[in-house]
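Values in this document were obtained by computation on a predicted structure and should not be read as measured data.
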Amino acid sequence: MKKYLLSFSFAVIVATASVAQRTPQASPGASIVQATGITDFTVKYSRPGIKGRSVFAENSPLAPTGKIWRTGANQATTFESSTDFTFGDKKVPAGKYALYSIPDKAKWVVILNKDVNSSSETYKESEDVARVDVSPLAGEFKESFEINFSNLSDSSATLNIDWAAVKVPVKISVSTHQLTLASLDRAVQDKPEDIQTLQSAAGYLLSKNQDLPKALALTDKAIGFKETWSNLWTKAQILDRLGRTAAALPLAQKALTVGAAAPDGAYNFYRTQIEKAITDMQGKLPATPAVKGKKKKK
């Protein structure tokens, strides 16, 4: 019995020690992932609080002006991009970097550095991949340090460093269109007979009104493998965009018929759009002249 009690006591001690390994942090960790087009930006950092202390001042114990700052607390803040991007006006390869800054009243220097294991004490300027000058803005007061994204589009975003009543915005941009085209070309090369891949590539080109002859060839290839309401509808739109409405109209009508025979969720969503497009196409075409009856011979 004594043996079992000792074993139980040991288990309790081990369990308690395991729980105790994690304790509350004065500057809790945080992370944010922001998609921009087909690029993912990931920031991992710690969030110190002001707690009555000064920040962005000459003798600040947290973030002094004129000195390199880890842009957060604890270990260096990291900024990662899944594709090549532009940071401010500097082109940067895809990868993971330490995010440093040098705060000042009129101008901040925001830095990406290759050494993600560095600190303010071990930081080396020779490892920088980008340095951009940014004018700080007056912002809403924030007790806890924060990094966030705003002004989102499919090819750009603003990275904001927010603390106290200061906001430091850094514009980030990516070549989303070129990246998407390259990605779709690779997908088509890898799966040249996959209908969905061909359809996605054609649909993207159509949505951007780019290289429509290529989009038409991709759609024809997909239809050759299997005719669906979706690829018929895509081809009809491409032909109409190319000014070949007379050829587009019967395809749109056929797409409506094929979809109605085996409706799915996507077809039910697009049906009204296809019907409207058919009406619009009919309006573009010249009216068919009425056929006159032949006169009877006397």
Chemist: Please table the atom pairs, donor to acceptor, closer than 3.5 Å between any side-chain atom in residues 177-191 and protein atoms at least two apart or in another chain.
Modeler:
from, atom 1, to, atom 2, distance (Å)
H177, ND1, Y204, OH, 2.8
T180, OG1, T176, O, 2.7
D185, OD1, K214, NZ, 2.9

Chemist: Is the closest basic N to carboxylate O distance between D104 and K107 below 4.0 Å?
Modeler: no
Chemist: For D89, does its backbone N or O pair with a side-chain atom of T86 as donor and acceptor, under 3.5 Å?
Modeler: no
Chemist: Does N59 reach the main-chain N or O of S54 with its side chain, forming a donor-acceptor pair under 3.5 Å?
Modeler: no
Chemist: Who pairs with S31 by side-chain contact (heavy atoms from CB on, under 4.5 Å), at least two apart in sequence or on another chain?
Modeler: K44
Chemist: Can you list the steps and then say if S230 with Q199 is a side chain to side chain donor-acceptor pair (under 3.5 Å)?
Modeler: CA-CA 8 Å; S230 181; Q199 178 77 12; 3.1 Å; yes
Chemist: So, the side chain of T39 versus the backbone of A35: is there a donor-acceptor pair under 3.5 Å, distance only?
Modeler: no
Chemist: Side chains of F141 and V166: closer than 4.5 Å at any heavy-atom pair?
Modeler: no
Chemist: Under 3.5 Å, is there a donor-acceptor pair between the side chain of D84 and the main chain of A94?
Modeler: yes
Chemist: Do the side chain of T122 and the main chain of S118 share a donor and acceptor less than 3.5 angstrom apart?
Modeler: no
Chemist: Taking the side chain as everything from C-beta on, heavy atoms only, tell me whether E275 gets closer than 4.5 Å to L256.
Modeler: yes
Chemist: Would you find a donor on one side and an acceptor on the other, under 3.5 Å apart, between the side chain of Y100 and the backbone of S119?
Modeler: yes
